[in-house]
Number of protein chains: 2
Amino acid sequence: MGNQQEKDALFEALVEAAKALGNGRRAQLIDILGQGERSVEELAAEIHQSMANTSQHLQRLLRAGIVYSRRSGTRIYYSLASPAVERLWRALREAAEAHSGELGDLVRAYVGNRADLSMITRDELLLWLRQGDVVVLDVRPQAEYEAGHIPGALSVPFSDVKSRLREVPQGSEIVAYCRGPYCLYADEAVRLLTDEGRLATRLEDGFPEWKAAGLPIEQSATVRNAPPRP
Amino acid sequence: MGNQQEKDALFEALVEAAKALGNGRRAQLIDILGQGERSVEELAAEIHQSMANTSQHLQRLLRAGIVYSRRSGTRIYYSLASPAVERLWRALREAAEAHSGELGDLVRAYVGNRADLSMITRDELLLWLRQGDVVVLDVRPQAEYEAGHIPGALSVPFSDVKSRLREVPQGSEIVAYCRGPYCLYADEAVRLLTDEGRLATRLEDGFPEWKAAGLPIEQSATVRNAPPRP
DNA sequence: AGGCTTGTCAAGAGAACTCTTGAATAGGAG
DNA sequence: CTCCTATTCAAGAGTTCTCTTGACAAGCCT
């Protein structure tokens with residue numbers, strides 16, 4: 001019958017993934033990779049860390065089997081290793097949200113007051129889409145839109161919203177979405193649009209949740225093609 | 001718009017639960033608490049650690065909002081804080097198993113060879129139960145049986161299986177279950193019963209998975225009653 | 001080849017984690 | 001009240017983690 005040493009070793013291995021997730025920087029990386037694959041350079045810029053440090057965090061994730069990497073020319077692209085990882089990240093957020101009053105304070109500190117913001121759920125958006133006359137705006141960076149987006153959504157990266165206002169049809173209800181509940185791109189887009197007199201609303205969560213719910217997604221023709229994995 | 005410092009703080013908080021899970025000892029505690037609440041002393045014995053050390057690990061879990069504790073006389077009982085934690089623990093195991101180079105070896109080292117073992121899934125057991133003529137044996141410690149078990153199961157703790165053989169009806173198919181796929185109690189019970197000429201099979205996973213699947217459960221009248229939580 | 005860009009490696013300072021030991025505390029029993 | 005039990009607290013040694021810095025490697029371009 002199995003002894004304690006072997007049991008310890010087994011649990012220590014089971015827990016490798018948790019250790020890898022157990023760091024704020026790496027969690028941000030996972031959150032970003034949930035949108036699609038990215039190069040080390042892009043990731044380093046997103047989390048405001050040096051390349052060397054970002055690279056080291058990514059290798060920790062790689063060793064834990066949480067991400068996958070492939071080389072393309074002089075760049076190396078990382079992506080989440082499997083849907084099991086997305087589920088793990090979601091379960092972690094849900095467990096954190098279920099407790100800890102402190103978390104609420106931190107969310108408020110980061111996202112600010114959302115009371116003025118019109119927000120709808122995924123189900124409500126689906127209803128609206130069936131009824132037509134909704135414009136869906138993907139306000140994430142272009143690369144993330146290309147890696148996958150809600151069918152029919154227009155790509156208007158957050159930074160371009162103001163200058164590309166005229167491209168958005170008048171008269172229709174506008175729904176903006178981004179990376180998820182902790183992402184502020186859609187918040188700001190909705191505020192900008194509302195200030196311009198448009199009817200704008202944000203989707204409560206983001207693209208990963210849409211995809212996780214099994215809803216249809218669309219990819220750009222120009223998406224960077226990843227070769228099949230070994 | 002939220003700045004990086006606030007974002008870092010938010011993710012650092014989100015990740016508290018992962019840090020708490022990111023330790024083999026604490027993972028074993030979670031695994032045991034998945035069966036029901038236990039005192040510090042019992043937990044310390046299960047993981048073969050000192051009381052002081054076990055207590056410290058438990059407080060780490062408490063601070064992370066992963067477990068809940070209540071005092072009863074001179075004892076303190078710990079239990080999982082919510083179903084979200086059970087889901088998190090399951091998601092972690094699934095993510096670890098999805099990649100698993102090394103993990104498979106460690107499982108084999110701990111559980112040994114299961115090729116000789118007759119095993120059935122939850123669905124098969126449900127089918128058998130509907131057809132009748134199955135005896136279900138809960139071979140976990142008595143306390144865990146009392147905290148919740150498969151309806152109609154008999155409590156025969158692993159250590160008593162040999163001496164209480166006569167209590168198990170002859171002629172019927174016997175299905176033994178315990179804590180989960182990494183628990184060896186049911187393995188040994190099945191081997192013992194098979195050696196005695198009985199028709200014995202183990203349930204592939206354990207009680208927590210049964211409960212998580214939303215199947216009915218039963219509690220002993222003598223279960224330690226936890227007061228409603230604040 | 002040589003230079004450029006993108007990533008990784010290696011070493012080290014400071015912080016956090018883990019386990020041990022011995023003392024302190026809270027509740028129950030006599 | 002005193003003793004006993006179950007648990008927590010506090011301090012410390014050894015280990016692991018995190019970030020920085022500067023060197024190294026791999027693939028492009030000319």
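Throughout, protein chains are lettered first and strands after them, A, B, ... in sequence-line order, and every chain is numbered starting at 1. Predicted model, so just to flag it, every value in this text is computed and none were measured.
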Query raised in the report: CG/B/L33 to CD/B/E42 distance, rounded to the nearest 0.5 angstrom?
Result: 10.0 Å
Query raised in the report: Given atom OH of B/Y77 and atom P of D/dA6, what is their separation to the nearest angstrom?
Result: 10 Å
Report summary line: Quick note, A/R60 side chain, CB onward, closest among D/dT8, D/dT18, C/dT8 is D/dT18
Requested in this report: Apply the test salt bridge (charged side-chain N to carboxylate O under 4.0 Å, His left out) to residues A/E37 and A/R70: give CA-CA distance (whole Å), side-chain angles for both, the deciding distance (0.1 Å), then the verdict.
Outcome: CA-CA 10 Å; A/E37 72 168 10; A/R70 71 184 179 91; 2.6 Å; yes
Report summary line: CG (B/L88) and CG (A/L21) are apart, to the nearest 0.5 Å, by 9.0 Å
Query raised in the report: So, the side chain of B/Y177 versus the backbone of B/I150: is there a donor-acceptor pair under 3.5 Å, distance only?
Result: yes
Requested in this report: Look at A/Y78 and C/dT6 and indicate whether a side-chain polar atom (N or O) is within less than 4.0 Å of OP1 or OP2.
Outcome: no
Might you list the N or O atoms of the protein lying below 3.5 Å from N or O atoms in nucleotides 25-30 of chain D, with each pair's distance?
none

Query - Rounded distance (Å) that lies between atom P of D/dA6 and atom CG of B/L43 - result: 14 Å
Report summary line: Whole-Å distance, B/E41 CD to D/dT7 P, equals 6 Å
Report summary line: With the side chain defined as heavy atoms from C-beta on, A/Q49 is closest, among C/dC19, C/dT8, D/dC19, to D/dC19
Report summary line: The complete set of salt bridge (charged side-chain N to carboxylate O under 4.0 Å, His left out) pairs with one or both residues in residues 44-58 of chain B, sequence neighbours excluded, reads B/R38-B/E46, B/E46-B/R179
Query raised in the report: Once you round it to whole Å, what is the distance between P of D/dC9 and CG of B/L62?
Result: 10 Å
Report summary line: Here the distance between atom C1' of D/dC17 and atom CD of A/Q59, to the nearest Å, is 16 Å
Report task. Round to a whole Å and report the spacing from CZ of B/R70 to C1' of C/dA26. Result -> 17 Å
Report task. Return the nearest nucleotide to the side chain of A/H57; candidates are C/dC19, D/dC19, D/dT8. Result -> D/dC19
Query raised in the report: When you measure from the side chain of A/A52, which nucleotide among C/dT20, D/dG22, D/dT8 comes out closest?
Result: D/dG22
Query - Length of the line joining B/M51:CE and C/dA23:P, which is rounded to integer Å - result: 17 Å
Query raised in the report: Counting side-chain heavy atoms from C-beta on, which of C/dG7, D/dT7, C/dT20 comes nearest to B/R75?
Result: D/dT7
Query raised in the report: Across the strands shown, which category fits B/Q56 at heavy-atom distances under 4.0 angstrom: base, sugar-phosphate, nothing?
Result: base
Query raised in the report: Parallel under 30°, tilted from 30 to 60°, perpendicular over 60°: which one fits the rings of A/Y182 and B/F11?
Result: perpendicular
Query raised in the report: To the nearest angstrom, how far is B/E16 atom CD from C/dC17 atom C1'?
Result: 13 Å
Query - Min side-chain heavy-atom separation B/D8-A/Q28 under 4.5 Å - result: yes
Query - NZ or CZ of B/R140 within 45° of B/F207 ring axis and under 6.0 Å - result: yes
Query raised in the report: Near DNA chain D, which residues from residues 19-28 of chain B have a heavy atom under 4.0 Å away?
Result: none
Query raised in the report: Any donor and acceptor pair, going by atom type alone, linking the side chain of B/R26 with main-chain N or O of B/A20 inside 3.5 Å?
Result: yes
